[in-house]
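Worksheet: one structure, shown below.
Note that these values count all heavy atoms, side chains included, but never hydrogens, waters or copies made by symmetry.
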Amino acid sequence: QATMGLVPAARLFQSIPISLPNTVSVTTAGGAIDLAGNLPGLTLGTLNIGQAGTTNFTVTSVSGRQLNFQNTNLQAPSATVNLTVNGAVGLGRTVDGDNTGLILNKLGSGQLIVDNNAGGGSANDLDGTTLRLSSGRTLVSASNVAGTTIPIAGALVDINGGNLVLDTKVGDYTFTNNINVSTSGGIEIVPSVVTINHNTGVTTINAGQTLTYTTYGGQNGGGAVRGSLLNVAGQITGAGNLVKANVQTNTEDGNSAQT
């Protein structure tokens with residue numbers, strides 16, 4: 001006869017990420033989702049948001065817990081979505097349809113993830129949207145694989161106190177968005193040996209504001225490697241300030257990353 005010992009309560013109530021097909025529709029009355037308890041992550045079906053006027057939606061989770069949507073639909077022209085992220089939220093495939101004048105305003109200390117780089121009919125459609133980064137981090141991840149797309153292609157990026165963080169799934173890639181710096185913020189390249197190019201898009205830094213480019217260093221020695229590289233070929237204009245920051249990621253004397 002088998003004997004069962006005591007199971008620690010912490011293990012008894014541990015869970016795995018959950019995926020549900022549910023649709024979440026947020027009206028102008030607003031709403032919130034809180035990933036509470038021991039739930040490590042949740043994936044839902046479609047987020048419908050951005051009706052005429054202003055919509056406030058808040059997602060709260062502790063470190064390591066992430067809410068993902070398979071699809072996000074921005075629904076009305078000239079709508080403003082104030083999306084407050086305290087934790088991490090992935091939008092999945094994000095489209096504004098034929099709507100224009102939309103503002104997706106990222107608020108909160110957490111990280112918004114825009115990483116759908118599928119091609120064809122599964123690509124993002126944000127050419128009528130301003131992606132306003134007012135606080136925290138907005139992570140964009142793309143690749144150089146044939147047939148893929150840039151997740152924020154067509155959107156105006158308005159840095160309004162937050163940070164745009166550029167990551168790669170595979171290799172180097174190029175993005176062409178126009179970038180406006182309304183309030184001081186930054187553009188970061190995640191630590192890696194990668195080159196990300198900003199071509200043709202114009203970067204405008206408003207008077208009295210500062211845009212900080214942050215890249216990460218490589219390492220010297222027998223296995224010397226360079227760090228991340230941000231290659232800015234587009235025009236940088238405006239009466240504001242531009243700062244370049246290097247962050248060394250190893251403990252040895254290293255090569256600084258470059259912009």
Looking at every heavy atom in both [X] and [Y], which two are closest together, and how far apart are they?
{"X": "Asn144", "Y": "Thr148", "result": "C-OG1, 4.5 Å"}
{"X": "Ala52", "Y": "Ala76", "result": "N-CB, 3.5 Å"}
{"X": "Leu230", "Y": "Tyr213", "result": "CD2-CD2, 3.3 Å"}
{"X": "Asn199", "Y": "Ala233", "result": "OD1-CB, 3.2 Å"}
{"X": "Ser19", "Y": "Gln70", "result": "OG-NE2, 4.2 Å"}
{"X": "Ile49", "Y": "Thr55", "result": "CG1-CG2, 3.9 Å"}

To the nearest 0.5 angstrom, please state how far the [atom1] atom of [X] sits from the [atom2] atom of [Y].
{"X": "Ser135", "Y": "Leu112", "atom1": "OG", "atom2": "CG", "answer": "10.5 Å"}
{"X": "Ser182", "Y": "Ile205", "atom1": "OG", "atom2": "CD1", "answer": "11.5 Å"}
{"X": "Asn206", "Y": "Ile159", "atom1": "CG", "atom2": "CD1", "answer": "11.0 Å"}
{"X": "Ile189", "Y": "Ile196", "atom1": "CD1", "atom2": "CD1", "answer": "4.0 Å"}
{"X": "Arg132", "Y": "Leu83", "atom1": "CZ", "atom2": "CG", "answer": "14.0 Å"}
{"X": "Leu20", "Y": "Thr43", "atom1": "CG", "atom2": "OG1", "answer": "8.5 Å"}

Does the side chain of [Y] come within less than 4.5 Å of [X]'s, by heavy atoms?
{"X": "Leu47", "Y": "Asn71", "value": "no"}
{"X": "Thr28", "Y": "Thr54", "value": "no"}
{"X": "Phe69", "Y": "Val24", "value": "yes"}
{"X": "Thr138", "Y": "Gln111", "value": "no"}
{"X": "Val95", "Y": "Asn124", "value": "no"}
{"X": "Ile179", "Y": "Ile187", "value": "yes"}
{"X": "Leu126", "Y": "Thr94", "value": "yes"}
{"X": "Phe57", "Y": "Thr84", "value": "no"}

For the pair [X] (side chain) and [Y] (backbone), establish whether a donor and an acceptor sit closer than 3.5 Å, ignoring hydrogens and angles.
{"X": "Thr149", "Y": "Pro151", "answer": "no"}
{"X": "Asp167", "Y": "Val140", "answer": "no"}
{"X": "Asp172", "Y": "Thr195", "answer": "yes"}
{"X": "Lys169", "Y": "Asp115", "answer": "yes"}
{"X": "Thr129", "Y": "Leu131", "answer": "no"}

The remaining residues in the hydrophobic cluster of Val190, counting side-chain heavy-atom contacts under 4.5 Å among Ile, Leu, Val, Met, Phe, Trp and Tyr, are Ile113, Leu139, Val165
Pair [X]-[Y], side-chain donor/acceptor within less than 3.5 Å:
{"X": "Asn68", "Y": "Gln66", "result": "yes"}
{"X": "Asn105", "Y": "Ser134", "result": "yes"}
{"X": "Ser143", "Y": "Asn117", "result": "yes"}
{"X": "Lys244", "Y": "Thr215", "result": "yes"}

Between Ser184 and the options Thr210, Leu211, Asn160, the side-chain contact (heavy atoms from CB on, under 4.5 Å) test singles out Thr210
Given the options Leu133, Asn82, Leu91, Asp96, Leu104 meets side-chain contact (heavy atoms from CB on, under 4.5 Å) only with Leu91
Given the options Lys106, Glu188, Arg137, Asn163 meets side-chain hydrogen bond (donor to acceptor under 3.5 Å, both in side chains) only with Glu188
May I ask you to check whether over 12 heavy atoms, not counting those of Asn22, lie within 6.0 Å of atom CG?
yes
For the pair His198 and Phe175, name the ring-plane relationship: parallel under 30°, tilted 30 to 60°, perpendicular over 60°.
parallel
